[in-house]
Amino acid sequence: MGSVLRVVVLSLAAASAIGAAGSRAGSAGPSLAVRGAAGWVTWWRWDAAPIRCDGRAPLASRVSWRPGAAGVEWGELQLRGASEAWRTRVVLVRLDPSQVELSLVTAFTRSESWTVADADSGASLALDAGQFRHSMPWGWVVRQGREMLAPEYAPLAGAVVVDPSGAVRVVPPDSVAAEHRRGTAREAFQSYPMLLQDGVVPAPLREAGRGVDLGHRDARLALGTLADGRVVIALTRFDALGPSLGRVPFGLTSAEMAAVMGALGCRWALLLDGGISGQLSVREANGSVRSWPGTRSVPLGLVGRLKR
């Protein structure tokens with residue numbers, strides 16, 4: 001393990017040097033490029049980042065979507081960013097809630113923890129849900145219509161809500177209390193920060209000094225919704241040293257993750273717990289499972305299964 005860690009540290013140092021050199025070469029600030037057949041194409045720059053997504057979804061058209069279980073498709077993108085994000089892979093899942101039922105795995109109620117490897121054979125996909133405080137989820141948790149934990153308030157803390165029909169919504173922070181009072185959620189959990197609110201990047205992700213560390217980089221996991229009701233899940237992996245070290249928590253900033261979700265066509269999006277917690281699995285059309293594990297187990301998971 002010591003030799004592996006030394007390789008990682010040296011790689012990070014090299015990546016940081018590359019990013020720093022790029023920053024000195026121009027004053028535009030960080031940018032993101034996507035790898036295509038003809039090479040790298042820059043599609044986002046910090047100094048010209050839009051406040052509102054225009055619906056063009058330039059990244060969605062670059063994904064070679066592969067069929068998963070019914071109602072699920074998945075794919076990958078390679079991005080080039082600054083510093084340790086100079087090689088970042090984004091694993092993507094797109095699902096149709098009219099075919100796939102999302103439900104929570106509340107391991108914390110049994111004083112247990114969970115990973116995507118624990119998902120049963122009927123799961124079409126699995127991921128960690130929400131943000132975590134020690135061995136507990138942070139904020140509101142509803143499972144099968146029963147409230148497990150009450151909502152909490154933070155300026156950028158939204159919620160993912162599955163209604164009785166199975167439709168999935170990302171609820172903004174100022175509407176969580178009203179959603180709670182309504183009492184109709186079948187499944188719900190809170191997380192933070194909001195990445196997109198009706199297509200708009202929140203001001204704290206655009207302006208320094210408003211409670212978000214705009215320079216912090218990490219492995220990321222996000223959930224968003226498209227205008228047609230489909231759900232997009234995106235997990236980033238460090239892509240400089242091969243799949244075996246993909247779970248190393250180097251990656252994008254929150255603002256860059258907001259840009260990714262907007263460029264995939266999302267109108268609403270919320271960051272989930274990434275870092276060493278971030279994990280995702282998806283069942284392919286042939287029944288085999290592709291998995292991108294995290295480093296630690298978590299108290300709350302989200303699983304999708306074919307509706308009956």
Side-chain angles (χ1 to χ4, degrees), residues 19 22-23 27-34 42-60 77 79-86 88 90 92 128-132 138-139 152-160 169-176 189-227 231-236 249-275 277-278:
S23 295
S27 59
S31 63
L32 291 174
V34 61
T42 299
W43 59 274
W44 181 88
R45 295 183 185 277
W46 170 254
D47 66 328
I51 294 174
R52 178 182 291 276
C53 299
D54 59 13
R56 286 185 297 171
L59 289 185
L77 288 170
L79 300 183
R80 183 185 67 195
S83 189
E84 68 262 31
W86 72 293
T88 299
V90 186
L92 300 163
D128 61 290
Q131 296 283 352
F132 309 122
W138 184 91
E152 297 193 40
Y153 175 78
L156 288 176
V160 175
R169 290 178 291 118
V170 176
V171 177
D174 59 4
S175 298
V176 171
F189 65 91
Q190 274 185 284
S191 194
Y192 55 83
M194 290 290 296
L195 298 176
L196 295 169
Q197 293 188 211
D198 197 17
V200 176
V201 179
L205 271 63
R206 297 182 274 109
E207 303 166 7
R210 303 191 60 170
V212 176
D213 183 350
L214 298 180
H216 176 65
R217 296 187 172 279
D218 208 342
R220 302 294 183 181
L221 176 65
L223 183 150
T225 55
L226 304 176
V231 174
V232 174
I233 297 159
L235 173 73
T236 70
F250 303 156
L252 305 182
T253 66
S254 296
E256 289 169 348
M257 200 62 192
V260 168
M261 298 305 283
L264 290 167
C266 295
R267 299 289 298 170
W268 297 86
L270 185 62
L271 203 62
L272 310 183
D273 201 346
S277 298

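This structure is a prediction, so every number in the text was calculated from the model and none was measured.
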Looking only at heavy atoms, the pair that brings Leu196 and Cys53 closest together is CD2-SG, 3.7 Å
Evaluate the side-chain proximity of Leu205 to Leu156: yes if any heavy-atom separation is below 4.5 Å, no if none is.
-> yes
With the side chain counted from C-beta on, respond yes when Leu252 and Leu32 share a heavy-atom pair under 4.5 Å apart, and no when they do not.
-> yes
Distance-only, no hydrogens or angles: does the Thr236 side chain make a donor-acceptor pair with backbone N or O of Ala219 under 3.5 Å?
-> no
Of all heavy-atom pairs linking Pro173 and Ala154, the shortest is CB-O, 4.1 Å
Just wondering, do Pro172 and Trp268 contact through their side chains at under 4.5 Å, heavy atoms?
-> yes
For Leu214, which residues count as a side chain to side chain contact (heavy atoms under 4.5 Å, CB included) partner, sequence neighbours excluded?
-> Trp46, Ala208, Val212
Can you check whether Thr225 reaches Cys266 side chain to side chain, under 4.5 Å on heavy atoms?
-> no
To the nearest 0.5 angstrom, please state how far the CD atom of Gln131 sits from the CG atom of Leu271.
-> 6.5 Å
Check: Asp218 side chain, Arg220 main-chain N or O, donor-acceptor pair, under 3.5 Å = no
Could I get the full list of side chain to side chain donor-acceptor pair (under 3.5 Å) partners for Arg217, not counting sequence neighbours?
-> Glu256
Not counting sequence neighbours, which residues clear salt bridge (Lys or Arg N to Asp or Glu O under 4.0 Å) with Arg169? List them please.
-> Glu179
Set of salt bridge (Lys or Arg N to Asp or Glu O under 4.0 Å) partners for Arg267, sequence neighbours left out | Asp198
Taking every non-hydrogen atom, the tightest pair across Ala85 and Gly251 = CB-O, 3.3 Å
By side chain to side chain donor-acceptor pair (under 3.5 Å), Arg56 pairs with (sequence neighbours left out) Asp54
Does some side-chain heavy atom of Leu79 sit less than 4.5 Å from a side-chain heavy atom of Val260?
-> yes
Just jot down the side chain to side chain donor-acceptor pair (under 3.5 Å) partners of Ser277, sequence neighbours excluded, or say none.
-> Arg296
Arg210: what forms a salt bridge (Lys or Arg N to Asp or Glu O under 4.0 Å) with it, not counting sequence neighbours?
-> Glu207
Hey, are the side chains of Pro204 and Met194 touching, using non-hydrogen atoms and a 4.5 Å cut-off?
-> no
So, for Leu195 and Ser254, which heavy atoms are closest and what is the spacing to 0.1 Å?
-> CD2-O, 3.6 Å
Can you name the nearest heavy-atom pair linking Val232 to Met261, along with the distance?
-> O-CE, 3.8 Å
Side chain to side chain contact (heavy atoms under 4.5 Å, CB included) partners of Thr42, counting only residues at least two apart | Ser31, Ala33, Arg45, Arg80
For Tyr192, enumerate each residue passing the ring pair (Phe, Tyr, Trp, His ring centres under 6.0 Å) test, keeping only those at least two apart in sequence or located in another chain.
-> Trp138
Do any pairs count as a ring pair (Phe, Tyr, Trp, His ring centres under 6.0 Å) and have a residue in residues 200-223, sequence neighbours left out, and if so which ones?
-> none
Would you say Ile51 and Val200 make side-chain contact, with heavy atoms under 4.5 Å?
-> yes
Qualifying residues under side chain to side chain contact (heavy atoms under 4.5 Å, CB included), relative to Ala259, sequence neighbours excluded = Trp43, Trp44
List in chain and number order the residues that pass side chain to side chain contact (heavy atoms under 4.5 Å, CB included) with Ala57, two or more places apart in sequence or in another chain; answer none if no residue qualifies.
-> Ala60
Between Gln190 and Glu152, is there a donor-acceptor pair closer than 3.5 Å when you use the side chain of the first and the backbone of the second?
-> yes
Minimum side-chain heavy-atom gap Leu235-Ile233 below 4.5 Å | no
